[in-house]
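Contents: one structure, followed by commentary.
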Amino acid sequence: MAKPVRHTFDTRAALASALAGTIAAQLEDAIETRGSATLAVSGGTTPARMFDVLSRAEIDWSRVTATLVDERFVPPDSPRSNAKLVREKLLQNEAGQADFLPLYSPAPSAEEAASTADNALHQLTEPFDVVVLGMGADGHTASFFPDAAELETLLDPHTQRLVAAVNAPSAGEPRLTLTLPPIASARFLALHIEGAEKKTALDAALAAKSRLPIRRVIDAAQSPVEIFWAE
Ligand code: 6PG
């Protein structure tokens, strides 16, 4: 395991500013080096403040393609939609010029939507320049829920799939998620967590011979995971 790098902040606002600045710098470097940049972000409730700061970064967003680390299998106008969160909080201001590749599409099943998203993401250049993970107190990240029926397939380092469907009782609705390889190969891989409960859960996952999904992602990461945490 490449030892994770911890960044601790006194306030969530300071974390948002620092993480947004770091992401913007990574994207700008990718644009300067390779002419374009790719960004995959998680949803949930944690990232909104950081997205708002990042949306104001003065980089050439017209050369950035953004997508999601994972998505609930719900329409884009659902309050549960991560695409809705990204469109409202990230793809505004300067970042409104970025291309966005959602994972959800109307399909009879999450599996069929995942296949459509998988085909679409295979059109992007790999590896992702930036991937931003969140984490649940149960140690899940992306939609790698510990009780997911497909967990070992999702965490298979040799899978050719970039996007897969997830059915986990603890997840609420069916999910669509990046698999382990596109996450682990990211040039810059950040974990954004807030609050004491998640810090305790992360410390436990890092300390013991844990098999929690977050630990397996950190162990598989090709570059040190940059952990951004505030109380
Ligand atoms: C999702 C996220 C998920 C999230 C964690 C933390 O779709 O819910 O992508 O992986 O990062 O569940 O969620 P919170 O930020 O809401 O605590």
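For reference, positions follow the sequence shown, starting with 1. Just so you know, ligand 1 is whichever comes first in the structure, and atom 1 is the first atom listed for that ligand. Just so you know, these numbers come straight off a predicted model, no measurement behind them.
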Nitrogen or oxygen atoms of Gly136 and ligand 1 under 3.5 Å apart: no
The answer for which part of Thr46 has a heavy atom under 4.0 Å from ligand 1 is both
For the CZ atom on Arg80, are there more than 12 heavy atoms of other groups (residues, nucleotides or ligands in this structure) within a distance under 6.0 Å? yes
Are the side chains of Ile23 and Val132 in contact, using a 4.5 Å heavy-atom criterion? yes
What do you reckon, does Arg72 have a nitrogen or oxygen under 3.5 Å from a nitrogen or oxygen of ligand 1? yes
If you measure only the distance, is there a donor-acceptor pair under 3.5 Å linking the side chains of Glu194 and His192? yes
Quick one: look at Val69 and ligand 1, take heavy-atom pairs under 4.0 Å, and tell me if it's side chain, backbone, both or neither. neither
Tell me which one of Arg175, Glu111, Glu173 satisfies side chain to side chain donor-acceptor pair (under 3.5 Å) with Asn167. Glu111
Should you measure from each heavy atom of Asn82, which atoms of ligand 1 turn up under 4.0 Å away? 1 (C), 7 (O), 9 (O)
Kindly determine whether Arg216 and Asp219 satisfy salt bridge (charged side-chain N to carboxylate O under 4.0 Å, His left out), including the steps that lead there. CA-CA 5 Å; Arg216 293 175 67 178; Asp219 287 350; over 6 Å; no
Is the closest heavy-atom distance from Glu71 to ligand 1 below 4.0 Å? no
If you measure every N/O of Thr141 against every N/O of ligand 1, is any gap under 3.5 Å? no
Taking atom types as modelled and ignoring hydrogens, do the side chains of Asp60 and Gln97 form a donor-acceptor contact shorter than 3.5 angstrom? no
Checking a contact table here: which protein heavy atom is nearest atom 6 (C) of ligand 1, and how many Å away? Met135 O, 3.4 Å
Heavy atom to atom 10 (O) of ligand 1, shortest distance: which of Ala137, Ala142, Gly195 holds it? Ala142
Does Ser42, backbone or side chain, put an N or O under 3.5 Å from an N or O of ligand 1? no
Run the contact test for Arg175 against ligand 1 with a 4.0 Å cut-off on heavy atoms, strictly below, and give the result. yes
Could you check whether atom CD of Glu197 has more than 12 heavy atoms from other residues, nucleotides or ligands sitting under 6.0 Å from it? no
For the residue pair Ser143 and Asp70, confirm or rule out a side-chain donor-acceptor distance under 3.5 Å. yes
for atom 11 (O) of ligand 1, nearest protein heavy atom and its distance come out as Gly134 CA, 3.3 Å
Considering only non-hydrogen protein atoms, determine which one is nearest to atom 12 (O) of ligand 1 and report residue, atom name and distance to 0.1 Å. His140 NE2, 2.7 Å
Among protein heavy atoms, which lies nearest atom 9 (O) of ligand 1, and at what distance? Asp70 OD1, 2.4 Å
Considering only protein heavy atoms, which is closest to atom 17 (O) of ligand 1, and at what distance to one decimal place? Lys198 NZ, 2.5 Å
Compute whether any side-chain donor of one residue and acceptor of the other, for Asp138 and His140, lie under 3.5 angstrom apart. yes
Kindly determine whether Arg161 and Asp118 satisfy salt bridge (charged side-chain N to carboxylate O under 4.0 Å, His left out), including the steps that lead there. CA-CA 7 Å; Arg161 287 294 293 259; Asp118 186 65; 3.6 Å; yes
